[in-house]
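Numbers restart at 1 for each chain; the letters A, B, ... are given by sequence-line order, proteins then strands.
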Amino acid sequence: MTASMPTMKPQPVLERDITPEGGDYEVVRRAIEKISLDYRDQPSLEVLAEAVGETPNGLQKLFTRWAGLSPKAFLQAVTLDHARRLLDSGMPLLETSFELGMSGPGRLHDLFVTHEAMSPGDYKSRGAGLTIRYGYHISPFGIALIMVTDRGLAGLAFTDAGEERAALADMTGRWPNAIYVEDMAATAPYAARIFDPAQWRSDRPLRVVMIGTDFQLRVWEALLRVPMGRACTYSDIAGQIGQPTASRAVGAAVGANPLSFVVPCHRAIGKSGALTGYHWGLTRKRAILGWEAGQLGAA
DNA sequence: ACGGTATCGTTAT
DNA sequence: ATAACGATACCGT
């Protein structure tokens, strides 16, 4: 109420949304919510359009522009069956044959990443001595909160309009001793390339810093090996890091992933094919998986 | 589909 | 120390 209310948030100024896909997400999100709510009765395009306040034609266009996938195809991509298919198709996924040291260049199948591990005991604890610059950017999956250090990308969170503050608190709470500076100019280049598949190339690897416990680091590194268009189970990862009975702990570690999307925690699903959960909302997980399916088709 | 239980890293007392 | 807590999985019913 008073003039001096430091917690009163200045509404973050978002980058102008030049790409249509970014602005589409709000509608897409509502459509996905509707779809997952009653996917059993396979809602028609008309019903869907009605629910999100678009014309059938408009929704069809918008959806295809966003996902590279028609609403109908997307609807299929959200079913249990499809999720199960993501698990199987062909070769064993988490082969140890990949060279992937604790810190050293690792490689993501799609987005290329070189990562540096920073376990809290190893470095100063809880981000002490670290300066983190952050900024909000429009992404295909809502607003992305991006955090960088001078060594590379350290955090990526998602949120929706009006909830930026909560996402920031969530992230800063993970490394409470770091110094935070809002600096959109520093984060914008990351936003631009992370969400544009055309820029995922090995000749320009994305530098990433992973801050977590040893266990978490092993889980996140395992995730980095899951290629786009595929999925693995929590117990797959447990087995792969040599602790086959720890699938529940793996779930917790996956949930603690500070680098959403870049470390593809959305590709971890239950053994039944159920999506089970996502820190930034199950709807977002569906959106990302569906969007990836569309990107694959476009290639 | 639902309920109980073994399991285990993390966080908070 | 220890208790509570999951984005699990498995076994009943």
Of the nucleotides [options], which has the atom closest to the [X] side chain?
| X | options | result |
| --- | --- | --- |
| A/Arg248 | C/dG6, C/dA7, C/dC10 | C/dG6 |
| A/Ala249 | C/dT8, C/dA7, B/dG9 | B/dG9 |
| A/Val254 | B/dA6, C/dA7, B/dT11 | C/dA7 |
| A/Phe215 | B/dG9, B/dT11, C/dA7 | B/dG9 |

message = Which heavy atom of A/Tyr234 sits nearest to which heavy atom of A/Val250, and what is that distance?
response = O-CG1, 3.6 Å
query = Can a salt bridge be assigned to the pair A/Asp160 and A/Arg29 using a cut-off of 4.0 Å between side-chain N and carboxylate O?
reply = yes
inquiry  = If the threshold is 4.0 Å, N to carboxylate O, is there a salt bridge linking A/Arg193 and A/Asp196?
reply    = no
Does a side-chain N or O of [X] approach OP1 or OP2 of [N] to a distance below 4.0 Å, or not?
| X | N | value |
| --- | --- | --- |
| A/Lys285 | C/dA7 | no |
| A/Thr245 | B/dC8 | yes |
| A/Ser235 | C/dA9 | yes |
| A/Gln243 | B/dC8 | no |

ask   = Taking any strand in view, what nucleotide pairs with C/dG6 in a Watson-Crick or G-U wobble way, both distances under 3.5 Å?
value = B/dC8
request  = Let me know the distance between CG of A/Leu217 and P of B/dG9, rounded to the nearest Å.
outcome  = 15 Å
query = What is the distance from CG of A/Leu275 to P of C/dA9, rounded to the nearest Å?
reply = 12 Å
Sugar-phosphate only, base, or nothing, as touched by A/Gly255 at under 4.0 Å among non-hydrogen atoms = base
request  = Please tell me which of A/Ala252 and A/Ser272 maps to the more 5' nucleotide of DNA chain C, matching each residue to the nucleotide holding its nearest heavy atom.
outcome  = A/Ala252
Check: A/Tyr234 side chain, C/dA7 base, donor-acceptor under 3.5 Å = yes
